Student: 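Handing you this structure, nothing more for now.
The shown structure was predicted, so the numbers you read here are calculated from the model rather than taken from an experiment. Basis for what follows: all heavy atoms, side chains included, without hydrogens, waters or symmetry-related copies.
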Amino acid sequence: MSAPTTDQGLRRLPALDAVRVIGALAVVGHHVGFATGANTGDSGLGSWLSRLDVGVAVFFVLSGFLLFRPYAHTLATRQRPPSARRYLWRRATRILPAYWVTVVVCLLVLPQNRPASAGDWWRHLALAQIYEPRQLRHGLSQTWSLATEAAFYLLLPLLAALLLGRRWRPGRTTVVIVVAGLAVTAGWVALMGLGLLDLGLHTMWLPSYAGWFGAGMALATVHVSLRTGTGHRWRWLDDLGTAPLACWSVALAALAVATTPIGGPRDLAEPTAAQFGLKMALYAVVAVMLVLPVAFGPDTRTKAVLGGVVGRWLGRVSYGLFLWHPFVLEGIYLLTDRPNFTGDTGQIFVLTVAGGLVLAALSYYAVERPFQRWNGPWPRRGGSTTENQSTVTAATAAS
């Protein structure tokens with residue numbers, strides 16, 4: 001194994017916060033398009049709104065990248081790997097308190113959820129709502145992706161140990177991750193095509209998205225190899241990172257292809273297995289090409305803008321926006337007594353984002369930030385902490 005030569009620290013990449021915001025706004029746009037009936041309309045806008053669920057792919061690729069990177073970094077720099085206990089504690093304190101508040105409010109306040117059964121409560125509080133058919137309640141439909149992410153969080157320490165091994169071999173690891181992720185997702189989609197899995201239920205389970213998480217993990221491996229001087233063969237990715245407009249043009253082109261009928265229905269009708277698989281592949285291209293120029297390449301003016309004060313703040317509250325926007329959207333229709341599948345899409349989008357950001361800010365300052373005080377490195381016996389645990393915490397605390 002070559003000795004690492006550069007960038008021993010695991011730096012945060014603040015510009016990625018803005019990418020997280022883009023993902024959140026895309027998900028809002030998708031839900032607003034459905035609520036106003038625009039997704040299934042005849043306009044060209046509807047076809048684009050119906051594919052803004054690509055924001056979920058952005059979330060999953062980012063999670064794979066940000067959470068796998070510390071494991072790759074500690075192996076590349078010959079440090080102790082992150083503690084699984086500390087990692088899981090950080091994940092729990094990061095996502096669960098704000099999520100639980102959202103569940104409580106939605107189940108108690110929204111009239112469509114009354115009366116909520118004991119099953120509704122335990123399934124949603126335990127992030128188990130995706131493992132039985134038709135269990136997503138009003139204001140909480142978006143949480144299927146959080147339940148899928150939680151499954152990934154739980155498996156990540158084991159996946160890191162299996163995929164990285166004990167020797168730093170970034171080329172081999174990258175290939176194994178990509179092949180394994182694609183194989184799992186392709187195999188899962190094939191089982192759907194054979195009728196052995198349900199296209200309504202099992203499309204929410206983790207294996208459907210192994211390719212997306214794997215893409216992020218592969219990018220993380222390459223990123224660490226470049227920053228530690230152990231992956232010269234991947235320098236072309238840093239070169240590609242200097243051309244954000246080119247990368248984002250590819251992402252836009254892939255999304256444009258996904259808006260055609262090959263991406264499946266635009267309403268809640270089930271796609272065929274082939275349509276679902278094609279959409280997964282196209283969304284992976286979109287997410288990777290969106291993330292790549294922000295994570296790779298030198299510091300640029302584009303990254304400075306994305307990682308500025310506004311981008312960082314929006315990144316902090318983006319999780320709350322994701323959690324609260326369906327509650328706000330349903331509230332708009334209840335308070336105005338507006339029929340479903342009607343309304344001005346642009347106006348409803350602005351109102352949903354504005355209301356969502358207000359609740360997101362309250363969530364961040366009243367719930368998320370206080371609990372993140374428990375999110376730091378735990379003291380080792382004797383009261384000290386290792387340097388690598390501190391850098392891992394700093395690099396992943398906001399993810």
Side-chain angles (χ1 to χ4, degrees), residues 6-28 52 54-70 72-73 94 149 212-213 215-228 231 234-252 254-255 283-322 353 357 360-361 364 368-369 372 391-399:
T6 62
D7 198 4
Q8 295 289 328
L10 187 62
R11 296 171 51 215
R12 281 203 71 238
L13 301 170
L16 287 177
D17 290 342
V19 178
R20 187 181 291 110
V21 176
I22 292 170
L25 290 174
V27 171
V28 175
L52 289 185
V54 71
V56 177
V58 175
F59 291 148
F60 287 4
V61 169
L62 274 176
S63 288
F65 178 82
L66 292 170
L67 298 179
F68 191 71
R69 196 165 62 114
H73 181 268
R94 178 69 186 94
E149 284 221 49
W212 291 357
F213 287 111
M217 294 162 68
L219 287 177
T221 305
V222 172
H223 191 272
V224 168
S225 71
L226 288 170
R227 298 301 169 263
T228 56
W234 302 103
R235 283 180 176 172
W236 60 273
L237 282 176
D238 269 338
D239 295 336
L240 193 57
T242 64
L245 290 180
C247 294
W248 295 338
S249 295
V250 173
L252 187 64
L255 186 59
Y283 282 9
V285 174
V286 174
V288 168
M289 298 309 290
L290 185 65
V291 170
L292 193 151
V294 183
F296 289 82
D299 292 336
T300 62
R301 182 176 300 179
T302 299
K303 290 182 182 179
V305 171
L306 293 175
V309 174
V310 174
R312 291 199 305 272
W313 185 83
L314 289 172
R316 293 188 191 104
V317 302
S318 61
Y319 178 53
L321 178 61
F322 166 80
V353 171
L357 285 176
Y364 177 75
E368 295 172 56
R369 190 165 72 168
Q372 285 179 43
T391 56
V392 165
T393 301
T396 62
S399 63

Student: Heavy atoms, side chains only, cut-off 4.5 Å: are Asp17 and Trp313 in contact?
Tutor: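 Of all side-chain heavy-atom pairs linking Trp313 with Asp17, none is under 4.5 Å.
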
Student: Closest heavy-atom contact between Leu290 and Pro293?
Tutor: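 Looking at all heavy atoms of both residues, the closest pair is O-CD, 3.7 Å.
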
Student: For Arg94, is there an ion pair with Glu368 - N to carboxylate O distance below 4.0 angstrom?
Tutor: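 A salt bridge links Glu368 with Arg94.
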
Student: Can you name the closest pair of heavy atoms from Leu292 and Gly241 and give their distance?
Tutor: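 Shortest heavy-atom contact: CD2-N, 4.0 Å.
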
Student: In the structure I gave you, are the side-chain heavy atoms of Ile22 and Leu25 within less than 4.5 Å of one another anywhere?
Tutor: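 A side-chain contact under 4.5 Å is absent here.
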
Student: Could you check if a side-chain atom of Lys303 sits within less than 4.5 angstrom of a side-chain atom of Leu16, using non-hydrogen atoms only?
Tutor: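 Side chain of Lys303 against side chain of Leu16, heavy atoms only: no contact under 4.5 Å found.
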
Student: Using a 4.5 Å cut-off on heavy atoms from C-beta on, say whether the side chain of Arg69 contacts that of Leu13.
Tutor: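 Answer yes - side chains close enough.
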
Student: Any side-chain heavy atom of Val54 sitting closer than 4.5 Å to one from Val27?
Tutor: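 Not in contact.
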
Student: If we only count heavy atoms from C-beta on, is the Leu240 to Cys247 side-chain gap below 4.5 Å?
Tutor: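 Contact flag for Leu240/Cys247 side chains = yes.
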
Student: Could you pull out all donor-acceptor pairs under 3.5 Å where a side-chain atom in residues 217-226 meets a protein atom, sequence neighbours excluded?
Tutor:
from, atom 1, to, atom 2, distance (Å)
Thr221, OG1, Met217, O, 3.0
His223, NE2, Ala295, O, 3.0
Ser225, OG, Val222, O, 2.7

Student: Taking atom CH2 of Trp248 and atom CE of Met289, what is their separation to the nearest 0.5 Å?
Tutor: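 Output value for this atom pair is 11.0 Å.
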
Student: I'd like to know if Arg235 pairs up with Asp238 as an ion pair, taking the criterion as any Lys NZ or Arg NE/NH1/NH2 lying under 4.0 Å from an Asp or Glu carboxylate oxygen.
Tutor: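 A salt bridge is absent here (no side-chain N lies under 4.0 Å from a carboxylate O).
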
Student: Say you draw a straight line from CG of Leu357 to CG of Leu314; how long is it, rounded to the nearest 0.5 Å?
Tutor: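 Output value for this atom pair is 6.5 Å.
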
Student: For Phe322, check ring pair (Phe, Tyr, Trp, His ring centres under 6.0 Å) against everything at least two apart and list the hits.
Tutor: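 Counting only residues at least two positions away or on another chain, Phe322 forms a ring pair (Phe, Tyr, Trp, His ring centres under 6.0 Å) with Phe59.
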
Student: So, do Leu255 and Tyr283 sit near enough that their side-chain heavy atoms are less than 4.5 Å apart?
Tutor: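 The answer is yes; the side chains approach within 4.5 Å.
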
Student: Please report the closest heavy-atom contact between Leu237 and Phe296, naming both atoms and the distance.
Tutor: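 That would be O-CB, 3.7 Å.
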
Student: Compare every heavy atom of Ala287 with every heavy atom of Val61, then report the nearest pair and how far apart it is.
Tutor: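 Here Val61 and Ala287 meet closest at CG2-CB, 3.6 Å.
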
Student: Under the 3.5 angstrom rule, does the side chain of Arg312 hit a backbone N or O of Gly307 as a donor-acceptor pair?
Tutor: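 Judged by distance alone, yes, a pair lies under 3.5 Å.
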
Student: Less than 4.5 Å apart, side chain to side chain, heavy atoms only: is that true for Val250 and Val285?
Tutor: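 Yes; the side chains approach each other to less than 4.5 Å.
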
Student: Could you state the interatomic distance from CH2 (Trp234) to CG (Asp239), rounded to the nearest 0.5 Å?
Tutor: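 Going from CH2 on Trp234 over to CG on Asp239, the span is 14.0 Å.
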
Student: Would you sort out whether Leu66 and Arg20 count as a side-chain contact (heavy atoms from CB on, under 4.5 Å), showing the intermediate values?
Tutor: CA-CA 12 Å; Leu66 292 170; Arg20 187 181 291 110; 3.4 Å; yes

Student: Where do Val288 and Ala215 come nearest, in terms of heavy atoms and distance?
Tutor: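 So the two residues come closest at CG2-CB, 3.8 Å.
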
Student: Evaluate side-chain contact (heavy atoms from CB on, under 4.5 Å) for Leu306 paired with Val294, printing each intermediate quantity in order.
Tutor: CA-CA 9 Å; Leu306 293 175; Val294 183; 4.0 Å; yes

Student: Measure across Ala24 and Ser318 and return the closest heavy-atom pair with its distance rounded to 0.1 Å.
Tutor: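 Heavy atoms only, the tightest pair is CB-O, 4.1 Å.
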
